[in-house]
Structure formats: C-alpha cells, structure tokens
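Written below as structure tokens is the structure these notes are about.
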Amino acid sequence: MGRGKLRIYLGAAPGVGKTYAMLSEAHRRVERGTDCVVAFVEHHNRPRTEVMLHGLEQVPRKHLDYRGSAFTEMDVDAVLLRAPAVALVDELAHTNVPGSRNAKRWQDVEELLAAGIDVVSTVNIQHLESLGDVVESITGVRQRETVPDEVVRRADQIELVDMSPQALRRRMAHGNIYKSDKVDAALSNYFRPGNLTALRELALLWVADRVDEYLTEYRSEHRVSKIWGSRERIVVGLTGGPEGRTLIRRAARLAEKGAGGEVMAVYIARSDGLTSASPKELAVQRTLVEDLGGTFHHVVGDDIPVALLDFARGVNATQIVLGSSRRKTWQYVFGPGVGATVARESGPDLDVHIVTHDEVAKGRGLPVARGARLGRSRIIWGWVVGVGGPVVLALLLNTIDLGLANDMLLFLTVTVAAALLGGLFPALASAAFGSLLLNYFYTPPLHRLTIADPKNIVAIAIFVGVAVSVASVVDLAARRTHQAARLRAESEILSFLAGSVLRGETSLEALLERVRETFGMESVALLERAGDVDPWTCAGSVGPRSPKRPEDADVDMPVGDHMALALSGRVLPASDRRVLAAFAAQAAVVLDRQRLQHEADQAKELAEGNRIRTALLAAVSHDLRTPLAAIKAAVSSLRSDDVAWSEEDQAELLEAIEEGADRLDHLVGNLLDMSRLQTGTVTPLIREIDLDEVVPMALGGVPEDSAELDIPETLPMVAVDPGLLERAVANLVENAVKYSPTDEPVLVSASAMANRVEVRVVDRGPGVPDEAKDRIFAPFQRYGDAPRGAGVGLGLAVARGFAEAMGGTLNAEDTPGGGLTMVLTVRAVDSLPDLATATAERQAS
C-alpha cells in the first residue's frame with residue numbers, strides 16, 4: 001500500500017474558516033462515494049461548524065486523565081483499525097495530552113499517512129516553526145505549539161483559507177468565534193487590524209513561495225525551458241550610466257501594474273573586462289532599486305546579451321527593460337548592440353522593453369556584443385585572410401600589371417588586415433606567404449624563387465619587417481587591452497566590496513552570498529579552527545551542501561593561519577584568485593566585526609548595570625532617608641520621658657513607625673529586585689498554578705476598598721513563578737492605586753486569550769501619552785505627580801523584568817473613557833481542546 005496524501009487548509013488567524021472548509025470538502029467527498037471519517041475535529045461550540053459535522057462518521061475519541069482532569073484526543077489505533085480512505089484531523093500543530101501515543105498531532109498524522117490513509121488537516125500560519133520569531137514580533141506572543149515547516153511543505157495540496165481583517169473582526173464582534181465575554185479582549189489584543197493584516201500578508205507570501213517552489217520543481221522535472229508568465233518578474237539591464245535610474249523607475253511602474261510584480265536589476269561584468277561604469281552611479285542605482293522593493297544583482301558574463309538572457313530565464317522573468325543605446329551612429333558598424341541582440345534572441349516568451357532617455361546617442365553606450373580581446377572567430381578570420389588573401393590577390397594581380405611597388409603595398413595591406421583580425425601568428429603567416437608569392441610571380445627572374453636585383457631584396461625585407469612590426473603591435477595592443485579590462489573588472493568588483501563596507505553591510509551571510517553570486521558558485525563557506533590540528537568549524541555559509549573542510553572545496557582561499565574561504569561549484573582560474581582574496585579578507589573582517597559588536601553589546605550591558613547600581617546608591621542615600629527619619633523621630637518621641645503621651649498619640653506614633661517600616665520594606669525590595677534583574681541573577685522557578693492563588697495575595701499592600709478583583713474560575717492554569725508573579729502584580733496595583741482617584745477603585749481582571757492568560761490592571765487616573773508608554777517602564781522613571789505616596793520609580797521596571805523573566809510580557813494601554821491599563825501576559829498551561837478556555841490557535845474554524 002502506498003503512502004497517503006496530505007491536504008492542508010492554511011489560515012492566517014483563528015476564525016477564518018479552515019475547519020468549515022475542511023468539513024465542506026468532506027461532505028463533497030462523501031457525496032462522491034468516498035469513505036471519509038472524522039478522526040478529530042473540534043467545533044468549539046460554533047453552531048455553523050457543529051452543523052457541518054452532522055452526516056459525517058466520527059471515530060470515537062480516546063479518553064485520558066491528566067492532573068485529575070479528563071481529556072480527549074484522537075484515537076490513532078481506532079482510526080488505523082477503521083482504515084478509511086480519508087481522515088479529517090483538525091489542528092495539525094496541537095500538542096497531545098501527556099500519556100498520548102505521540103507528543104504532537106502531526107506525528108499522529110504521519111502514522112495515518114504511512115498506513116496509506118489520506119488526511120485532510122488545518123493549521124494557522126503562526127504555528128509554522130520557522131516563523132516563530134516573525135509572529136512574535138507581530139503579535140508580541142511566542143507560539144508554544146508549532147509544526148516543522150517540512151511537514152507542511154511535504155503536503156500534496158495546500159489551500160489558503162483567506163479572509164480580510166475587517167470581515168474577521170466582524171465575525172468576532174458577532175460572537176461567531178469566541179464567547180461574548182472574550183470578544184473585547186480579543187479585538188483589543190490578538191485580533192487588532194494591524195496584527196491580522198501582517199499575519200495575512202505572511203500567509204499569502206508563504207503560500208506564494210511554496211507555489212514558486214512547486215512551479216520550479218515541475219519545470220525542472222519536465223525540462224521546461226520556456227518562460228511561464230505566472231508572475232511578473234522584470235529584469236532591468238544596467239550599464240552604470242545615468243540612464244539606469246530612469247530604467248529602474250520604469251520597471252517599478254511596470255511591476256505595479258501586475259499582481260506580485262518583482263523587479264531585479266542586474267549589472268553584468270565581463271570576465272575579461274567592463275565598460276566604463278561609474279561605481280558611484282551603480283551604488284546610487286542599487287539603493288534606488290532596493291528602496292523600490294527590488295533586488296540588485298552583480299554577475300559575471302563574457303557575452304553581455306547571452307548572460308542577460310540566461311539570468312532572465314534562470315529567474316523565470318517575463319520582461320526585460322533596457323535603455324536605448326548611447327552609442328553614436330558610426331559605432332553600429334561594430335555590431336547591432338546589446339538591446340537589438342537581446343530583443344532578437346529573447347523569443348516569444350520574454351518581452352523586451354527599450355526605454356528612451358536623455359542620454360541616447362551621446363556616447364559610452366551599452367556594451368556592444370563583441371569581445372574586447374581577440375576571440376576565436378576573429379583568429380579564424382585572421383588565418384583565412386592571412387593565408388587565402390595573398391592567393392586571391394596573386395590571382396588578381398596576374399591579370400593586371402601594377403608594378404612591383406604597388407604589388408608589395410597590396411600584399412602589405414593584406415598582411416595588416418590579417419594582423420588586425422587574427423593577431424601575430426596569422427600576420428606572420430601572411431607576411432611569409434606573401435613574400436614567397438612576390439618573389440615567385442613579380443620579382444625577376446619570374447617564376448623562380450631567386451632575386452636578381454639586390455634592390456628587390458631590400459624591398460621584400462622591408463615588406464616582411466613592416467608586416468611583422470604591425471602584427472606585433474596589434475597583438476600587444478590586444479593583450480594590453482585584455483589586461484586593462486581585466487583590471488577594470490577587478491576594480492569594479494572591489495569597489496562594490498568597498499561600498500558595502502562604507503554602507504555598513506556587516507552581515508557575513510550577505511557577503512558570502514555576494515561571493516557566490518559574483519563567481520557563479522554553488523555554495524560558499526567561511527571556515528575556521530583554533531589550531532593546526534583542531535577540526536574546522538563553519539563560521540558562516542550560503543548555498544546547499546557547503547564544504548566542511550577546505551580540502552572538500554573546489555576552491556579554497558586561506559585567510560591567515562586558521563581561516564579559509566571555501567567555494568564549491570567550479571574551479572576558478574588563477575586570475576580570479578586576487579579578487580577572491582579580497583573577498584576572503586573582507587569576510588574575516590566582517591566576522592571579527594560581528595564578534596566585536598557582540599562584545600560591545602556585552603560591555604554596554606555591563607555599563608548599564610553600573611549605571612543602575614549608581615542610581616541604586618543614589619536612591620538608598622535619598623529616598624530611604626525620609627522613612628528612616630520618620631521612624632527615628634517616632635521612636636525618639638515614644639522613648640522621651642518629658643512628655644506623657646496619650647494612648648491615641650502612642651497609637652499614632654506606632655502607626656507612623658509601621659508605615660515607615662512598610663515603605664522601607666517596599667523600597668528595599670524593589671531595589672534588590674532591580675539589582676537582581678540587572679545582574680541577571682533572577683532564576684524563575686516555573687510551576688503550574690491557578691491565578692486565584694496568587695493575585696489576591698498581591699492586593700495586600702493597598703487599602704481594602706481601593707481595588708476590585710475579577711478572576712474567573714474557568715481560567716486555565718498558568719506556568720509562572722508564583723513569587724515573581726505576586727511581586728509584579730503587587731507593583732502594578734500599587735502604581736495604579738497611587739494615580740487613581742480615591743472614589744474610583746482599581747480593577748484587576750484576568751482572561752484567557754490564545755495560549756496565554758492576561759492580567760489587566762485598570763485605573764481611571766490621568767493616563768499616559770503614547771510617546772511615554774515605553775518610557776515609564778525604565779528604571780527611576782516617574783510620570784506626573786503621585787498624590788498618595790512617592791517612590792524611586794522602580795515598580796513598573798521591576799514588574800516588566802519579572803514578567804519577561806517568566807516568558808511573559810507587560811505593556812501599557814489606554815483605558816476606554818480615560819486612564820491607564822497595564823496588561824500582564826503569562827503563558828497558559830497547554831489545556832486541551834475540550835476545555836472552554838482552549839487557546840486561540842485551537843479556535844481555528
């Protein structure tokens with residue numbers, strides 16, 4: 001039995017309709033007579049999704065007990081025993097209850113596929129493992145449940161279930177996704193328009209990239225060389241001239257007219273030389289194309305039109321944009337030029353746009369389609385003229401008597417032509433053969449290889465000398481031209497390298513990619529080792545199957561004693577190694593710079609720690625003196641024998657001592673906590689706990705009527721350090737009470753959202769402007785006046801530090817109607833699909 005096929009419905013966010021689409025597909029298959037069962041689908045109490053389950057056979061779930069609670073999971077054995085043709089398995093990234101057969105649901109799916117069962121599943125874009133950092137930067141929450149990208153990539157079909165952010169938020173507001181008590185929190189957090197738009201773009205781009213991969217694979221398997229215009233890719237041919245900016249902008253406008261248009265600017269440098277391109281102008285054009293969302297490529301090619309067309313076909317481009325030739329009219333005698341050649345050779349599947357500009361016919365145009373040194377065709381023509389030319393000329397001169405002097409000039413002309421075309425050796429052959437013909441046919445005695453008149457001997461000697469001299473000069477000029485062009489090519493590449501340094505491009509991978517692209521290699525790696533006998537380690541690499549040792553590479557360039565740049569793909573000529581050495585040295589510099597930057601960052605952290613410690617000392621010397629003075633004054637008064645204190649006065653003094661001691665305890669606690677955070681000695685002891693065991697204890701430091709508590713009993717357990725969480729919430733509540741009006745109690749509420757739990761501390765105080773919301777979390781920052789006490793400005797900094805130490809977040813938001821809301825987010829324990837508080841990722845429809 002063969003392996004089953006996997007079909008995945010991919011969505012950008014919970015609620016877009018993945019489960020509904022999957023169930024609709026199941027009904028279509030059942031109507032066609034396919035044996036289709038529901039292995040595991042969670043409807044999350046959504047009426048429309050629940051209705052779609054009617055009429056479909058459901059395999060009974062497996063019941064599991066965990067921590068005193070009952071859960072259900074997919075019964076893999078039951079599905080295998082049932083052996084349907086198609087099984088529906090919802091939430092591919094789901095984590096199974098401990099004690100299950102596999103840790104992840106995608107592993108259960110792998111078993112079904114291996115048994116020959118087709119599987120239809122669902123997953124959200126934020127669950128792909130490679131996108132964890134990107135999703136966290138968008139939503140502020142790290143996804144705990146992920147599925148390896150390779151599992152999704154191997155799917156036989158991936159179908160995107162799309163919905164606009166506005167439509168999804170309307171579904172949320174109508175209660176079609178979450179219960180009404182969770183709608184407000186969801187709309188103001190995870191389901192913000194910006195979050196949904198970014199996740200939607202991420203999903204669209206990911207699917208578009210997979211489609212590109214499938215298309216490339218198909219074209220490779222079926223050996224399709226013809227360009228398919230499935231996506232507008234526009235290649236701009238640059239010469240380094242000022243017209244390049246016009247071409248780039250024109251290409252960008254063309255790309256905007258098509259969906260998903262992409263602009264790739266390419267500058268082709270000959271391996272034997274470059275045209276007179278301005279490095280400064282190329283740098284400006286590179287910046288322009290990158291600002292417009294395109295990419296810049298610098299490649300090497302001997303024949304400019306062929307290299308340009310090969311590049312365009314290699315990236316499956318649909319259009320090429322070139323500028324009208326800058327050459328003058330007489331220069332066309334050397335060839336049709338790059339534009340005309342590319343247009344002629346492009347074929348019907350590649351459009352070529354010739355764009356006019358202000359530099360047309362002003363000279364220094366696009367490179368003509370011919371080499372700078374003597375090519376093979378020129379040498380062949382040189383031999384043809386050098387050997388055949390004297391024969392043809394002799395046949396013509398036998399019919400016309402022009403005299404020996406004119407005959408010698410004509411033979412010399414043929415020799416010069418052979419030198420101009422083929423260089424030294426064809427010219428020498430022409431001179432020797434021509435001198436023999438002159439001697440035999442035109443120098444007395446005729447038809448004999450002897451010369452009677454000594455003057456004729458001198459004439460023939462001069463003829464041979466002139467011919468050899470001209471041939472030598474032409475050959476030397478060709479070689480010098482080649483050398484000069486070669487050096488110019490190297491200087492152009494080195495100028496790009498220097499430009500990248502000046503632009504601050506310090507990414508080692510970007511530099512290695514430049515090396516790979518410049519020299520046309522398959523992979524490049526920078527290798528290093530500690531000593532002569534130590535193993536090699538890879539400091540950075542690009543391309544597939546990068547070499548692990550210099551000996552394994554096609555080309556290796558040593559950098560010092562214990563570093564080497566290794567390239568795989570082809571063997572480079574010796575003339576290229578000089579430029580490669582410059583790249584290797586720069587790679588070593590970039591690596592050192594990255595390490596120095598890391599050390600500088602560490603030094604910056606140490607300096608910040610020293611600054612904090614200095615501020616701590618200042619706080620100890622200033623802010624702690626006031627409560628100490630109050631305590632000492634109260635104690636001295638009680639110990640005084642001169643005054644007979646009444647019981648009320650004694651109680652008041654004792655209360656002042658207690659308040660001062662409490663204030664000291666709070667300040668010292670925050671100072672010590674801040675010190676621990678700055679020195680990195682906070683080690684949270686994470687365990688599972690209910691919020692209602694911790695949050696009420698955090699309200700002990702504020703007056704009884706100053707805060708209200710709303711912690712639902714249905715909340716999932718959280719994975720936190722109870723002590724750190726209590727201190728963080730206590731600081732938030734004390735800060736909120738400090739700034740709230742006396743008749744407006746602070747609200748402390750909690751709700752579940754996605755795989756997290758949010759604790760919201762809401763006050764009705766003056767609020768904080770948007771530009772100051774991040775600044776209030778810095779140490780020793782106090783915003784405005786504190787009518788009910790003062791502090792050193794560490795409470796919020798400590799609270800955020802503790803939240804981040806536990807893997808959570810702390811942010812400030814505006815309270816609707818006025819005030820400030822502190823949102824403390826902590827991780828929820830993986831609660832499981834049948835709980836009312838299932839995570840947002842499991843709320844997929």
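Of the possible polar contacts, one joining the Arg800 side chain to the Leu810 backbone as a donor-acceptor pair under 3.5 Å is found. In terms of modelled atom types and a separation under 3.5 Å, the side chain of Asp90 and the main chain of Phe40 share no donor-acceptor contact. The closest donor-acceptor contact from the side chain of His297 to the backbone of Met264 lies at 3.5 Å or more, if one exists at all. Between the side chain of Asp149 and the main chain of Glu129, a donor-acceptor pair closer than 3.5 Å is present. A distance-only check finds no donor-acceptor pair linking the side chain of Asp75 to the backbone of Arg61 [under 3.5 Å]. Remark: the backbone N or O of Ala103 is not paired with any side-chain donor or acceptor of Ser100 at under 3.5 angstrom. In this structure, the side chain of Asp690 does not engage the main chain of Glu693 through any donor-acceptor pair within 3.5 Å. No donor-acceptor pair under 3.5 Å is formed between the side chain of Thr72 and the backbone N or O of His63. With hydrogens and angles ignored, the 3.5 Å screen pairs no side-chain donor or acceptor of Glu804 with any backbone N or O of Gly801.
A pairwise comparison of heavy atoms in Ala750 and Leu691 identifies CB-CD1, 3.8 Å as the closest pair. Summarising the geometry of Ala255 relative to Val263, their closest heavy-atom pair is CB-CG2, 3.7 Å, with the distance given to 0.1 Å. Taking all atoms of both residues into account, the shortest heavy-atom contact from Val30 to Cys36 is CG2-CB, 3.9 Å. Summarising the geometry of Leu732 relative to Ala799, their closest heavy-atom pair is CD2-CB, 4.0 Å, with the distance given to 0.1 Å. Here the closest non-hydrogen pair linking Gly15 and Leu168 is O-CD1, 3.4 Å. Residues Thr34 and Ala85 come closest through the heavy atom pair CG2-CB, 4.2 Å.
Here the CG atom belonging to Leu88 is positioned 10.0 Å from the OG1 atom belonging to Thr122, to the nearest 0.5 angstrom. Note that CD1 of Ile248 is 4.5 Å distant from CG of Leu288, once rounded to the nearest 0.5 Å. Ser121 OG to Met22 CE: the interatomic distance, rounded to the nearest 0.5 Å, is 6.5 Å. Leu131 contributes atom CG, which lies 12.5 Å from atom CD of Glu136 (distance to the nearest 0.5 angstrom). The structure places CG of Asp814 at 3.5 Å from NZ of Lys773, a figure rounded to the nearest 0.5 Å. Distance check: Leu64 CG to Arg101 CZ gives 12.5 Å after rounding to the nearest 0.5 Å.
Counting only heavy atoms from C-beta outward, the side chains of Val147 and Val152 approach each other to under 4.5 Å. Using a 4.5 Å cut-off on side-chain heavy atoms (C-beta onward), Met74 and Val76 make contact. At least one side-chain heavy atom of Phe777 sits under 4.5 Å from a side-chain heavy atom of Met822. The closest side-chain heavy-atom distance from Arg169 to Ser164 is not below 4.5 Å. The shortest side-chain heavy-atom distance between Asp351 and Thr318 does not fall under the 4.5 Å cut-off. Within the 4.5 Å cutoff, no side-chain heavy atoms of Asp77 are placed close to those of Val79. With a 4.5 Å cut-off on side-chain heavy atoms, Asp35 and Val86 do not count as touching. Considering only heavy atoms from C-beta on, Asn124 comes within 4.5 Å of Pro14 through its side chain.
Of the charged side-chain nitrogens involved, at least one lies within less than 4.0 Å of a carboxylate oxygen, so that Glu25 and Arg29 count as a salt-bridged pair. One finds no salt bridge joining Glu509 and Arg516 here, because no Lys/Arg side-chain nitrogen approaches an Asp/Glu carboxylate oxygen to under 4.0 Å. Salt-bridge check for Arg827 with Glu688: failed, with every basic side-chain N at 4.0 Å or more from each acidic carboxylate O. We find that Glu57 and Arg82 are joined by a salt bridge, their nearest charged nitrogen and carboxylate oxygen being less than 4.0 Å apart. By the 4.0 Å N-to-carboxylate-O rule, Arg200 lies close enough to Asp162 to be salt-bridged with it.
The environment of Glu150 atom CD is dense: over 12 non-hydrogen atoms of other residues, nucleotides or ligands sit within 6.0 angstrom.
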Query - Test log, rule side chain to side chain contact (heavy atoms under 4.5 Å, CB included), inputs Val729 and Leu824 - result: CA-CA 8 Å; Val729 175; Leu824 174 62; 3.9 Å; yes

Requested in this report: Carefully, step by step, assess Leu80 and Ile117 under the rule side chain to side chain contact (heavy atoms under 4.5 Å, CB included).
Outcome: CA-CA 8 Å; Leu80 292 174; Ile117 300 174; 4.2 Å; yes

Query raised in the report: After noting the C-alpha distance and the side-chain angles of Val41 and Leu23, does the key distance pass the side chain to side chain contact (heavy atoms under 4.5 Å, CB included) rule?
Result: CA-CA 9 Å; Val41 170; Leu23 294 174; 4.3 Å; yes

Report task. Apply the test side chain to side chain contact (heavy atoms under 4.5 Å, CB included) to residues Thr146 and Leu128: give CA-CA distance (whole Å), side-chain angles for both, the deciding distance (0.1 Å), then the verdict. Result -> CA-CA 6 Å; Thr146 60; Leu128 295 182; over 6 Å; no

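Inspection of the Asn96 and Asn102 side chains reveals no N or O donor paired with an N or O acceptor under 3.5 Å. Remark: the His94 side chain and the Glu73 side chain contain an N/O donor-acceptor pair separated by less than 3.5 Å.
Among the candidates Glu111, Glu110, Glu91, the single residue satisfying the salt bridge (Lys or Arg N to Asp or Glu O under 4.0 Å) test with Arg105 is Glu91. When the options Val718, Leu685, Leu724 are evaluated for a side chain to side chain contact (heavy atoms under 4.5 Å, CB included) with Met806, the one that passes is Leu724. Between Leu747 and the options Asp763, Val762, Leu709, a side chain to side chain contact (heavy atoms under 4.5 Å, CB included) holds for only Val762.
The cationic group of Arg48 does not satisfy the cation-pi geometry with Tyr20, failing either the under 6.0 Å distance to the six-membered ring centre or the 45° limit from the ring axis.
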